[in-house]
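A note on names: the letters A, B, ... follow the listed sequences, proteins ahead of strands, and every chain is numbered from 1.
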Number of protein chains: 2
Amino acid sequence: MSSDPIDTPTKILQATLKLLEAPDAKLPTMSDIARATGISRQAVYLHFPSRTDLLVAATRYQDRLNNIDTGLAPSRGARSGAERLDAFVTAWGNYIPKIYGVARAIMAVTDTDAEAAAAWNTRMQDMREGCSAAIKALAEDGTLPPGTDMEQATDLLWTLLSVRNWENLTQTCGWSQDCYVATIRGMAMATLARDLGALTDVLACTDPPA
Amino acid sequence: MSSDPIDTPTKILQATLKLLEAPDAKLPTMSDIARATGISRQAVYLHFPSRTDLLVAATRYQDRLNNIDTGLAPSRGARSGAERLDAFVTAWGNYIPKIYGVARAIMAVTDTDAEAAAAWNTRMQDMREGCSAAIKALAEDGTLPPGTDMEQATDLLWTLLSVRNWENLTQTCGWSQDCYVATIRGMAMATLARDLGALTDVLACTDPPA
DNA sequence: TAGTTTGCTTGACACTGTGTAAATTGACAT
DNA sequence: ATGTCAATTTACACAGTGTCAAGCAAACTA
């Protein structure tokens, strides 16, 4: 019951997130957002100079709401490299669904809007830091196969963990979140740590089909 | 030196492909395409009722030009399941660069255009057939781990081979085509056939950086 | 040779969506 | 009451898609 009145920019961001996170979300127009906020379309431009700026601001706002760092704490506290990789994959994999609505919108305009592409890349670069740290931890353990290029290993983990792959498996193929996490984790462990044991029970999920 | 004059629809398709395959390709407008073809914008509409239809037709035209099936022949002729998987991954992985320009355009409009999304999905479904066949071959060999859900295994291979993953690794991360194919093949073999040997030399590519 | 069809052009227009500019309101301080 | 300033609204400019109508020229057809 916060009695302090919410300022207009925040109201706009909240409305935007609500629209983006709707289950059947189409890409909202500025008019949609204005209507949802309860103000005129042009008033939106008073606070956000362009649609892209608004979408980018929405992602930042959402990150603040979700406090991504708390989920990553177990990853940073992990003892072994394998443990760290495992924790990171799980944390990120479970974070994706929270940002998917907004991510989808940003990715959609990425093809036509360089500024949006830059914003999204920055965001993914942050995630890449986590990949890099996990790879480094594996290397320090000696778990990483000799001769492995750490840059390439990071690239691969980063690609495996892409939102697109999550989208493909859970949204298009209908996998459960647990099944997704288990499989990606298994693949990462098998490929990066040469640990076939991590693949036990992978690809044998028995989720009730949605 | 084909002396027979090319009909206008074909000329339009050729111009469209040329625009889409340009290295710095933006998404072309109908005006762009008309100008590149050397006809009026409205004339384009005489042959293709909408932009989406044109893009879809362009993909089909391109498939005809590239004759995708010839590349897949070794896959169908493979003896063992592993051999088949290997051949399929290689064939598809090397086909992607040929279609990437058009694929990018279609994927870009997919978020806003349901018809384009449907067309793209159909195309990817065709590719999925190949994945399914490879998985089946593995299963018949007994190479697939017991208890593996073949549907899920197909989903995974299909996701691994997505254009988005190719894009990420080769375009964003700058991997060479060979490096990409080797790595994806290794991951597929390791995950689906529990064959760690396939990962030898993977993640240790020494391409000269472009 | 005249008539018809076919393919293209030109030009206008409706519609959607983004973004800009000018006019208006309303609260608040003086 | 009046000036000021921010928030807001009305109106407009622009790009792009798609539609429609009229005209034109070359190629068939009678």
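I12(B) places its CD1 atom 12 Å from the P atom of dG7(C), with the value rounded to the nearest Å. Remark: P of dT6(C) and CG of D7(B) are 16 Å apart, rounded to the nearest angstrom. Whole-Å rounding puts the I33(A) CD1 to dG19(C) C1' distance at 14 Å.
Over its length, the helix from dT1(C)-dA30(D) to dT30(C)-dA1(D) turns its helix axis by 30°, as judged from the five terminal pairs at each end, rounded to 10°.
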field: Footprint string (nucleotides 11-17 of chain C, 5' to 3'): B base within contact, S backbone only, - free, heavy atoms under 4.0 Å
entry: BB----S
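Among residues at least two apart or in separate chains, salt bridge (Lys or Arg N to Asp or Glu O under 4.0 Å) pairs with a member in residues 169-186 of chain A are D86(A)-R185(A). Sorted by first then second residue, the salt bridge (Lys or Arg N to Asp or Glu O under 4.0 Å) pairs that include residues 154-175 of chain A, not counting sequence neighbours, are R128(A)-D155(A), R164(A)-E167(A). For residues 6-20 of chain B, no pair satisfies salt bridge (Lys or Arg N to Asp or Glu O under 4.0 Å), with sequence neighbours left out.
If you walk DNA chain D from 5' to 3' and mark each nucleotide with an atom closer than 4.0 Å to a heavy atom of chain A, the marks span dT8(D) to dA11(D).
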Let me have the donor-acceptor pairs involving side chains of residues 103-110 of chain A, under 3.5 Å, with sequence neighbours excluded, atom names and distances please.
unit_1: R104(A); atom_1: NH2; unit_2: A25(A); atom_2: O; d: 2.5
unit_1: T110(A); atom_1: OG1; unit_2: I106(A); atom_2: O; d: 3.1

Which pairs would a plain distance check flag for residues 34-48 of chain A, meaning a side-chain donor or acceptor within less than 3.5 Å of a matching protein atom at least two apart in sequence or in another chain?
unit_1: T37(A); atom_1: OG1; unit_2: I33(A); atom_2: O; d: 2.6
unit_1: S40(A); atom_1: OG; unit_2: A43(A); atom_2: N; d: 3.2

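W166(B) and Y100(B) have tilted rings, their planes meeting at an angle from 30° to 60° on a 0 to 90° scale.
Nucleic acid contact for L46(A): base, since at least one base atom lies under 4.0 Å from a heavy atom of the residue.
R51(B) pairs by the side-chain hydrogen bond (donor to acceptor under 3.5 Å, both in side chains) definition with nothing, not counting sequence neighbours. In terms of the salt bridge (Lys or Arg N to Asp or Glu O under 4.0 Å) criterion, D113(A) has no residue partners (sequence neighbours excluded). Residues passing the side-chain hydrogen bond (donor to acceptor under 3.5 Å, both in side chains) test with D53(B) are S50(B), sequence neighbours excluded. In this structure Y61(A) satisfies the ring-ring contact (aromatic ring centres under 6.0 Å, His included) test with no other residue, sequence neighbours excluded.
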